Participant: 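Here it is: the structure, laid out below.
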Amino acid sequence: MLFEAARTIMRLPRVGPRGHATGWPDWVRDAALSYGYNEERVKLGPPAAREIDRLDKVINCLWAADPVDSKICMAVSFSAQRNGWERARGPQWKRVANGMGIHPDTLKTRFNASAERLWRAGIREGAMKKKRASDS
């Protein structure tokens, strides 16, 4: 769920002014691009409503947990994303570990423990409990 939450955050539309741009739709500017000679960059669309609902549950878990655990879990989760797509090789353990000043194996161990504590905090606070139809 952490990786899906990071992917959902990456897919959310940007907030704020878009700068000096035209209101006209995008169009292919070069004839060579229109024939498919170049690589395509496919962007994922905005997240679905159920993905945002699951993101809300994860954020509630993050608020209920220890800030250090939340930081470790989200740093690893965001490193597993590339432009809204999952990386084929998973999280960038070495890069995140270097940023935190620890060894990658230590980071993996701390991530597993932090994810467990995060899950338990979410269940304890009620963020991850399933709602029944009679509760609403």
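All figures in this text were calculated on a predicted structure; none of them were measured in a lab.
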Participant: Which distance, rounded to the nearest 0.5 Å, do you find between the NZ of Lys94 and the OG of Ser79?
Facilitator: 14.5 Å

Participant: Any side-chain heavy atom of Asp69 within less than 4.5 Å of one from Phe111?
Facilitator: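 A side-chain contact is absent here, since even the closest heavy-atom pair is not under 4.5 Å.
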
Participant: Between atom CD1 of Ile72 and atom OG of Ser77, what is the distance when rounded to the nearest 0.5 Å?
Facilitator: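 The CD1 atom of Ile72 sits 11.5 Å away from the OG atom of Ser77.
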
Participant: Less than 4.5 Å apart, side chain to side chain, heavy atoms only: is that true for Val96 and Pro91?
Facilitator: no

Participant: Could you tell me whether the side chain of Thr8 reaches within less than 4.5 Å of the side chain of Val58, counting heavy atoms only?
Facilitator: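 No - every pair of side-chain heavy atoms lies 4.5 Å or more apart.
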
Participant: Looking only at non-hydrogen atoms, find the nearest pair between Ser70 and Leu118 and report the distance.
Facilitator: OG-CD1, 4.0 Å

Participant: Look up atom CZ in Arg82 and atom CZ in Arg89, then write down how far apart they are to the nearest 0.5 Å.
Facilitator: 9.5 Å

Participant: I'd like to know if the side chain of Arg87 and the backbone of Gln81 have a donor-acceptor N/O pair within less than 3.5 Å.
Facilitator: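 Not confirmed, Arg87 side chain does not pair with Gln81 backbone.
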
Participant: Using the side chain to side chain contact (heavy atoms under 4.5 Å, CB included) rule, take Trp85 and Met10 through it: C-alpha gap first, then chi angles, then the decisive distance, then the call.
Facilitator: CA-CA 9 Å; Trp85 295 90; Met10 297 287 285; over 6 Å; no

Participant: Salt bridge between Arg7 and Glu51, side-chain N to carboxylate O under 4.0 Å?
Facilitator: no

Participant: Taking the side chain as every heavy atom from C-beta outward, state whether Val76 and Trp93 have any atom pair closer than 4.5 Å.
Facilitator: yes

Participant: Got a second to check how far Ile59's CD1 is from Arg54's CZ, nearest 0.5 Å?
Facilitator: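 If I round to the nearest 0.5 Å, the distance is 13.5 Å.
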
Participant: Heavy-atom distance under 4.5 Å between the side chains of Glu86 and Phe3, does that happen here?
Facilitator: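 The answer is no, as the side chains (C-beta and beyond) never meet within the 4.5 Å cut-off.
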
Participant: For Ala97 versus Leu107, what's the shortest heavy-atom pair and its separation?
Facilitator: N-CD2, 3.7 Å

Participant: Using 0.5 Å steps for rounding, measure from the CD1 atom of Ile9 to the CG atom of Leu55.
Facilitator: 5.0 Å

Participant: I need the Cys61 SG to Arg117 CZ distance, nearest 0.5 Å.
Facilitator: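 Cys61 atom SG to Arg117 atom CZ measures 14.5 Å (nearest 0.5 Å).
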
